[in-house]
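We're numbering straight along the sequence, starting at 1.
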Amino acid sequence: MEGRIVTCKWVKLACQRYFDDIRDSKAKGFYIDREAGDKAVQFFPTFLRFYEGAFDGQPFILQPWQSFIIWNLFGWKTTDGFRRFRVAYIEISKGNGKTPMAAGVGLYGLTLDGEQGAECYTAATTREQAGILFRDAKAFVEGSPSLSKRLIVDKHNIAYPATNSFFRPISSEHRGLDGKRPHIALIDEVHEHPTSLVVDKMRAGTKGR
């Protein structure tokens, strides 16, 4: 907002909305839960380690723009205590780590979001596509002593027995999207989907949460 960081008008408008919302939050019926926002942001470097390339073994320290996204998603609450933002569309240029970040959101929803029986999904039109994000999640768990002690990792499922929760990839193949009640639904590469079926099915399933 001060002009020290070069960016486009859409980022400036998003930041302006953030400050406007802080100013008007009480009148609009929501507030910032700083503890919840910090908890979600700190989950990444505390529990997740990169597992390939130049950053192999290093903690997942969010970049400022990533922290802004996570903070907004988990820090804003309505006055009744629920999250203000329940759907997010995040568009990021290729090669900026959107899939690992989404995998981290899924693992946070699985382990530290306070939801019993949490159903967390990475959803796509094909199992292969959904598996890309899921592979990142598996690698993060396998590289984390804390998470690997608590979670059971299988080929197509990460289970958290303490809360009867799971994280798995699903697709529209063989009616795989029906009957789900997602706590977290991550839909990667939306531009490759031929229809809105996956998005609509996941959205409809959240009504039970």
Side-chain angles (χ1 to χ4, degrees), residues 1-25 28 30-50 55 58-78 81-115 118 120-124 130 132-137 139-140 144 147 167 182-193 198-199 202-203 206 209:
M1 298 311 301
E2 295 174 350
R4 291 181 290 109
I5 299 173
V6 177
T7 187
C8 68
K9 70 175 183 178
W10 303 114
V11 173
K12 291 177 182 177
L13 288 170
C15 293
Q16 185 62 62
R17 181 183 70 176
Y18 178 79
F19 287 116
D20 290 344
D21 285 349
I22 291 175
R23 182 193 64 210
D24 302 330
S25 59
K28 293 180 178 179
F30 45 74
Y31 68 99
I32 288 180
D33 183 337
R34 295 185 179 276
E35 183 178 352
D38 284 340
K39 181 181 175 183
V41 169
Q42 291 305 316
F43 170 81
F44 285 77
T46 302
F47 293 98
L48 307 183
R49 296 288 184 274
F50 290 112
F55 298 101
Q58 295 186 26
F60 194 155
I61 299 173
L62 295 171
Q63 295 182 34
W65 63 269
Q66 292 175 313
S67 293
F68 184 70
I69 291 171
I70 301 301
W71 174 266
N72 272 280
L73 288 177
F74 291 95
W76 281 109
K77 300 286 185 66
T78 60
F82 292 100
R83 272 196 280 271
R84 174 190 176 191
F85 296 117
R86 306 185 188 185
V87 177
Y89 173 73
I90 303 167
E91 186 172 324
I92 306 166
S93 57
K94 189 174 180 63
N96 280 282
K98 63 182 181 300
T99 302
M101 183 175 71
V105 169
L107 290 173
Y108 180 83
L110 174 68
T111 57
L112 289 180
D113 211 20
E115 180 78 1
C120 303
Y121 298 103
T122 167
I132 295 172
L133 192 154
F134 185 73
R135 284 196 298 271
D136 279 345
F140 281 141
S144 169
L147 293 181
F167 183 11
H183 173 58
I184 298 282
L186 306 161
I187 306 172
D188 203 5
E189 306 291 358
V190 174
H191 66 284
E192 294 186 2
H193 292 218
V198 175
V199 175
M202 289 292 96
R203 190 86 168 98
T206 63
R209 293 288 176 183

Which heavy-atom pair separates P59 from P45 by the least distance, and what is that distance?
-> CB-O, 3.7 Å
Does some side-chain heavy atom of R34 sit less than 4.5 Å from a side-chain heavy atom of W71?
-> yes
Answer yes or no: is there a side-chain heavy-atom contact under 4.5 Å between S67 and F44?
-> no
Looking at CZ of R84 and CG of N72, how far apart are the two atoms once the value is rounded to the nearest 0.5 Å?
-> 8.0 Å
Only pairs under 3.5 Å count here: list side-chain donor-acceptor contacts from residues 89-109, not counting sequence neighbours, and write none if there are none.
residue : atom : partner : partner atom : Å
Y89     : OH   : E91     : OE1          : 2.8
S93     : OG   : N96     : ND2          : 2.8
N96     : ND2  : S93     : O            : 3.2
T99     : OG1  : D188    : OD2          : 2.7

Any D21 side-chain heavy atom under 4.5 Å of W76 side chain | yes
Interatomic spacing from CH2 in W65 to CD1 in I70 - rounded to 0.5 Å | 9.0 Å
Report yes or no: does K77 contribute a side-chain atom to a donor-acceptor pair with the main-chain N or O of A36 at less than 3.5 Å?
-> no
More than 12 non-hydrogen atoms from neighbouring residues, nucleotides or ligands closer than 6.0 Å to CD on E35, yes or no?
-> no
NZ-OG1 distance between K12 and T7, expressed to the nearest 0.5 angstrom = 7.0 Å
What closest approach, in Å, do A130 and A124 show between heavy atoms, and which atom pair accounts for it?
-> N-CB, 3.6 Å
Aromatic rings F60 and F140: how do their planes relate, parallel, tilted or perpendicular, breaks at 30° and 60°?
-> tilted
If you round to the nearest 0.5 Å, how far is CG of D33 from OG1 of T78?
-> 11.0 Å
Beyond-backbone contact of L147 with L48, side-chain heavy atoms, under 4.5 angstrom = yes
Atom CD1 in I61, atom CD in Q66: separation rounded to 0.5 Å?
-> 11.0 Å
Nearest heavy-atom contact between H193 and A123 is CE1-O, 4.4 Å
Is any side-chain heavy atom of F167 less than 4.5 Å from a side-chain heavy atom of T111?
-> no
Sidechain N-carboxylate O distance under 4.0 Å for D20, R17 | no
Using the six-membered ring wherever Trp is involved, compare the ring planes of F55 and F50 and label them parallel, tilted or perpendicular (cut-offs 30° and 60°).
-> tilted
F43 and D113, any side-chain heavy atoms less than 4.5 Å apart = no
Are there more than 12 heavy atoms of other residues, nucleotides or ligands under 6.0 Å from atom CD1 of I5?
-> no
Side-chain donor/acceptor of T206 to backbone N/O of R203, under 3.5 Å = yes
Taking the side chain from S144 and the backbone from F47, do they hold a donor-acceptor pair closer than 3.5 Å?
-> yes
